[in-house]
Protein chains: 2
Amino acid sequence: MQTVARKSEKKPELREAILQAAQELFLEVGFEHFSMRRLARKVGYSPTTLYIYFRDKQDIIYSLCEGLFEQYLAELRQVAEGETDSLARLKKLFLLSIRFGCNHQDHYHVAFFSSAAIYGRPEEFLSRDSLARRSYFFIRQVVVDCIAAGVLRPADPELVTQALLTASHGIIAAHIFWKDFPLASPDVLGETLLHNLLEGFQA
Amino acid sequence: MQTVARKSEKKPELREAILQAAQELFLEVGFEHFSMRRLARKVGYSPTTLYIYFRDKQDIIYSLCEGLFEQYLAELRQVAEGETDSLARLKKLFLLSIRFGCNHQDHYHVAFFSSAAIYGRPEEFLSRDSLARRSYFFIRQVVVDCIAAGVLRPADPELVTQALLTASHGIIAAHIFWKDFPLASPDVLGETLLHNLLEGFQA
DNA sequence: CATGAAGGTTAACACCGTTAAGTGGCCTCG
DNA sequence: CGAGGCCACTTAACGGTGTTAACCTTCATG
């Protein structure tokens with residue numbers, strides 16, 4: 001007997017099939033109506049089977065989000081490479097982030113605004129290496145570069161990053177939740193925010 | 001027979017008692033674990049009784065939030081009156097908002113980040129007069145004043161208000177949901193954000 | 001052929017929001 | 001005084017949720 005048949009490495013095929021179905025269901029019905037029973041029905045197995053391949057609902061959703069973050073991080077890198085001016089690069093990265101968040105509302109919702117906000121749990125963000133974490137460090141590094149290059153005035157890079165990040169985060173949040181509010185488009189709002197905020201940060 | 005015994009004006013005492021208990025329960029167990037059945041148990045009636053005095057769960061929560069917004073609006077006015085310099089006033093209003101949101105996380109959560117985000121439903125924000133709506137208009141007016149006085153450079157006041165608002169909103173969101181993330185304190189973050197953002201907006 | 005594990009199921013627990021139907025007491029009117 | 005009716009509230013139920021314990025098959029191996 002294999003003493004440690006590491007959880008959920010039994011039959012990768014079905015695990016992958018579940019994730020695939022979960023992704024589709026998630027987009028079909030939205031985060032609100034995504035349930036284990038529905039997923040089971042969709043994938044053609046009984047609900048309990050899901051618990052053989054995943055620890056719980058959160059585990060499934062976490063996997064979905066990590067998958068998306070992979071894509072996000074790739075886009076971040078692409079944008080960063082395509083822009084030589086460090087300040088412009090910083091701005092573009094945040095504009096991308098805002099657009100990305102708004103384009104994947106359900107994922108963003110469940111990742112950062114859910115009751116059990118996936119990336120806010122004590123054991124997650126700093127201790128475990130998640131793609132969300134890597135994205136954060138990636139962006140912070142760009143801020144550090146800007147300060148080092150003298151493009152941004154000397155300041156605590158952590159604080160600058162967080163100010164930019166939370167502000168962008170707020171735009172996405174508003175876009176997701178204030179459906180009826182006649183909010184300016186994410187692009188316009190993001191442009192306004194970043195232009196003026198960065199002006200304040202500039203040397 | 002009274003043809004229209006306007007909904008929920010039957011016995012104000014019990015209605016008030018329910019709201020009182022709801023408020024307590026809300027603070028005790030948090031938004032996540034607030035349920036109608038728990039509330040009923042706490043107040044000493046059967047769950048169905050609640051539906052005599054309130055349309056549904058959302059109705060109760062809405063009432064709770066409006067109660068808190070009343071307090072918020074009062075504080076807004078107080079701060080506005082206490083500061084003559086219009087730019088400083090604007091800044092103080094947002095710092096107050098951030099602090100207020102962080103101090104009443106569950107209310108803020110349910111009001112602006114809940115699945116059925118109370119103030120984001122089509123029939124709510126713009127059509128019905130809510131205290132949230134009044135708060136928004138109140139702040140926007142201060143922005144308008146700043147632009148009129150030439151303290152802020154000429155710009156679409158709606159856009160400026162929304163940029164400030166969503167950014168502040170993001171700080172609160174981060175504070176509520178990213179429990180494990182080593183985030184700067186709301187005050188520091190708010191100060192940083194507003195100082196630099198307003199610098200960008202200035203004439 | 002028996003053993004045992006792999007892979008999946010049924011049934012159940014403890015919740016949830018909400019509603020239809022029913023019950024007991026009190027007030028009013030004939 | 002008695003009957004009707006309404007008021008305030010309850011019981012029982014519907015259809016849903018995440019999750020777990022216990023139970024079946026099927027199949028390969030000693």
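Chain letters run A, B, ... following the sequence lines, proteins first and then strands; every chain starts at 1. No experiment lies behind these values; they were computed from the predicted model shown.
- For A/Leu39 and D/dT17, the CG to C1' distance is 14 Å, given to the nearest whole Å.
- Phosphate proximity of C/dG7 to A/Tyr53: absent, as no side-chain N or O sits under 4.0 Å from OP1 or OP2.
- For B/Tyr51 and C/dT18, the OH to P distance is 4 Å, given to the nearest whole Å.
- Computed from coordinates, the B/Leu50 CG to C/dC16 C1' distance equals 14 Å when rounded to whole Å.
- Regarding A/Arg55, its CZ atom lies at a distance of 16 Å from the P atom of D/dG18, rounded to whole Å.
- The nucleotide whose nearest atom lies closest to any side-chain atom of B/Met36 is, among D/dT10, C/dT18, C/dT10, C/dT18.
- Remark: C1' of C/dG8 and CD1 of A/Ile18 are 11 Å apart, rounded to the nearest angstrom.
- Atom CZ of B/Arg38 is separated from atom P of C/dG17 by 10 Å (rounded to the nearest Å).
- In this model, no donor atom of one side chain and acceptor atom of the other lie less than 3.5 Å apart for A/Thr161 and A/Tyr136.
- Within 4.0 Å of B/Ser35, counting heavy atoms only, lie sugar-phosphate atoms of the nucleic acid but no base atom.
- Across the protein-nucleic acid pair, A/Tyr45 atom OH and D/dT25 atom P stand 18 Å apart, rounded to whole Å.
- Taking a 6.0 Å sphere around CD of B/Gln141, one finds it holds more than 12 heavy atoms contributed by other residues, nucleotides or ligands.
- Contact of the A/Arg99 side chain with the A/Asp187 side chain is registered, since non-hydrogen atoms from C-beta on lie closer than 4.5 Å.
- Contact annotation: A/Thr49 side-chain N/O to C/dG8 OP1/OP2 distance is not under 4.0 Å.
- Side-chain proximity of A/Asp56 to the nucleotides C/dT19, D/dT19, C/dT10 is greatest for D/dT19.
- Here the P atom of nucleotide C/dC16 and the CZ atom of B/Phe31 are 14 Å apart, to the nearest Å.
- Comparing atom distances between the A/Arg41 side chain and each of D/dT10, C/dG8, D/dT17 picks out D/dT17 as nearest.
- Of the charged side-chain nitrogens involved, none lies within less than 4.0 Å of a carboxylate oxygen, so that B/Glu83 and B/Arg77 do not count as a salt-bridged pair.
- Judged by atom type and distance alone, B/Arg37 reaches the base of C/dG17 through a side-chain donor-acceptor pair under 3.5 Å.
- A/His169 and A/Tyr108 share a donor-acceptor pair across their side chains, judged by distance under 3.5 Å alone.
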